[in-house]
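Below you'll find the structure, written out as structure tokens, and then a few comments.
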Amino acid sequence: MLEVREGKRCYPDSVVGVNVGLAFVDCVIAFLAFYQLIRIHSRNSQLGWTRQKVFHLMIGSSNLGYFLYFVLTLVAACKGWSCWSHSCGFIAMAFPKILFVAAFLLLLSFWVDLCHHSHDDDEEEGWSPQEALLEKMNRTDSKSYSCRRCCTFRSVSVGSRQKIVILVSILVFGIMMASSMLMWIGTRKSPLDSAVVAQVYVDFIAVVVLILGGALACYGLVLFLKMRKVRSEQVSSEMRKVAGLAIVSVVSFTSSALVAITTNIPLFYHWHGQQINGVYTSLLLVVYYFIGTSVPSAFVLFVMRELPPPIVKSNRQEESRTITFMNDVPVATHPQQWTAATSVQNQVSRASPI
């Protein structure tokens, strides 16, 4: 596929066009993510960093990184930047991928929380598994409601599985930085080949992406089957979101991982000054970047497009008074069932697995 080019350093026109198109798509996705983040924060700034805001921030940052990567790759190829073929281009390629994988690892952690909710707590409260599922969906939001500070990470309720996601992301980032250091050392009179180091890292990330896609498919199916037991129009809408996310993740992650393992498309930044098959390379770039990252990112933004309801203190006070009034009414039979049913009915309107 690759042969040494003489006289020209820029990419073929078809490859340049694909890069410009991918950069435009990522720029649009990043703009929409940050714009929606601002709109969401303006409606519930008192809640601080909610789950929805974190997803928009990570998706927007990842696509912004890809936009810069595609633009700088074209500039570096035509200007002949020597550093870009080694550690600089590698970091620009790898960092947005880490943010992208971390966002979907975070999504997986929330799904795992929903699927592995403790049954002991349900029996003590007299709730059914379906009611516990709806309660788990809103536990984070209900706990963070009392926070009054704006734009502070203190309001983020981090669970044990979310902490694992943070640790895994930091670990992968450390591996990426170590690989870039090895590549830099390889340019200093060392027999170490920087392209081999980069390819090993890319294969490692591809395996992680394959496992992540399979895990999202499995837990998405389990969550979908559990949500089928809850009869609610809102839950039916959430079921479609879960199914769509699982399907898109499997197709996109499998496609990009196979391209990464079987070809050297992820090392595109290392190709300037070499002969490139324009049509074949352009097709693989579309599969790896557009289908592998842009489509899942856009789909996450689509399913999370709804703005949260604005916070009104008076409504919460009236709700509390109403509950107090109802408790004064004598209930002849099954008080726990009435309480659980009322709670489920109030929570269905806000339930969301993402």
Side-chain angles (χ1 to χ4, degrees), residues 1-4 11 15 19 22 62 65-66 68-70 72-73 76-77 81-105 108 164-216 249-250 252-277 280-281 283-294 296:
M1 181 192 305
L2 302 179
E3 298 177 358
V4 178
Y11 295 115
V15 176
N19 273 264
L22 292 173
S62 175
Y66 275 122
L68 295 176
Y69 168 71
F70 289 124
L72 292 177
T73 297
W81 294 352
S82 58
C83 175
W84 192 258
S85 298
H86 303 286
S87 57
C88 296
F90 174 78
I91 294 175
M93 176 272 298
F95 186 69
K97 189 71 172 183
I98 294 176
L99 293 176
F100 175 80
V101 173
F104 281 86
L105 281 174
L108 176 63
I164 295 176
V165 172
I166 296 175
L167 292 177
V168 170
S169 301
I170 295 175
L171 176 62
V172 175
F173 179 79
I175 295 175
M176 184 266 289
M177 294 303 298
S179 300
S180 64
M181 289 297 297
L182 291 176
M183 295 173 63
W184 181 78
I185 294 174
T187 61
R188 305 283 180 173
K189 296 181 180 180
S190 173
L192 188 63
D193 190 352
S194 59
V196 174
V197 176
Q199 188 62 55
V200 171
Y201 174 85
V202 167
D203 292 342
F204 166 72
I205 294 297
V207 173
V208 172
V209 169
L210 272 178
I211 297 175
L212 177 59
L216 285 171
S249 299
V250 170
S252 300
F253 292 178
T254 302
S255 302
S256 63
L258 291 178
V259 171
I261 294 174
T262 58
T263 68
N264 52 1
I265 284 295
L267 306 183
F268 180 73
Y269 66 91
H270 191 65
W271 286 8
H272 72 269
Q274 298 178 349
Q275 184 66 38
I276 299 176
N277 187 333
Y280 179 66
T281 302
L283 178 61
L284 292 180
L285 285 172
V286 170
V287 173
Y288 183 75
Y289 287 107
F290 180 74
I291 298 179
T293 58
S294 300

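Hydrogens, waters and symmetry mates are skipped; everything else that's a heavy atom, side chains included, is used.
To the nearest 0.5 Å, atoms OH (Tyr69) and CD1 (Ile91) are separated by 13.0 Å. If you take CH2 on Trp184 and OG on Ser87, they are separated by 8.5 Å, rounding to the nearest 0.5 Å. Rounding to the nearest 0.5 Å places OH of Tyr289 at 10.5 Å from OG of Ser294. To the nearest 0.5 Å, atoms OG (Ser255) and OH (Tyr288) are separated by 12.0 Å. Note that CE of Met93 is 10.5 Å distant from OG of Ser180, once rounded to the nearest 0.5 Å. In this structure, OG1 in Thr262 is found 7.5 Å from CG in Leu284, a value given to the nearest 0.5 Å.
Contact check for Ile205 versus Met176: no side-chain heavy atoms found under the 4.5 Å cut-off. Counting heavy atoms from C-beta on, the side chains of Thr281 and Tyr11 never come closer than 4.5 Å. Looking at Ser256 and Val209, their side chains come closer than 4.5 Å, going by heavy atoms from C-beta outward. Contact check for Tyr66 versus Leu22: no side-chain heavy atoms found under the 4.5 Å cut-off. Residues Val168 and Val208 form no side-chain contact, since every pair of their non-hydrogen atoms from C-beta on lies 4.5 Å or further apart. No side-chain heavy atom of Leu210 sits less than 4.5 Å from a side-chain heavy atom of Phe253.
Of all non-hydrogen atoms in Ala260 and Asp203, the two that sit nearest each other are O-OD1, 3.6 Å. Across all non-hydrogen atoms, the minimal contact from Ser62 to Pro96 is OG-O, 2.9 Å. Nearest heavy-atom pair, Ile98 versus Phe173, reported as atom, atom and distance to 0.1 Å: CD1-CA, 3.8 Å. Closest of all the heavy-atom pairs between Ala198 and Leu267 is CB-CD2, 3.5 Å. Between Gln199 and Thr263, the closest heavy-atom pair is NE2-O, 4.0 Å.
Side chain of Ser249 to backbone of Gly213: no donor-acceptor contact under 3.5 angstrom is found. At distances below 3.5 Å, at least one donor-acceptor pair connects side-chain atoms of Ser252 with backbone N or O atoms of Ile291.
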| request: Could you go through the side-chain contact (heavy atoms from CB on, under 4.5 Å) check for Val172 and Val101 one step at a time? | output: CA-CA 10 Å; Val172 175; Val101 173; over 6 Å; no

| said: side-chain contact (heavy atoms from CB on, under 4.5 Å) for Asn19 and Phe268? Distances and angles first, verdict last. | reply: CA-CA 11 Å; Asn19 273 264; Phe268 180 73; 3.5 Å; yes

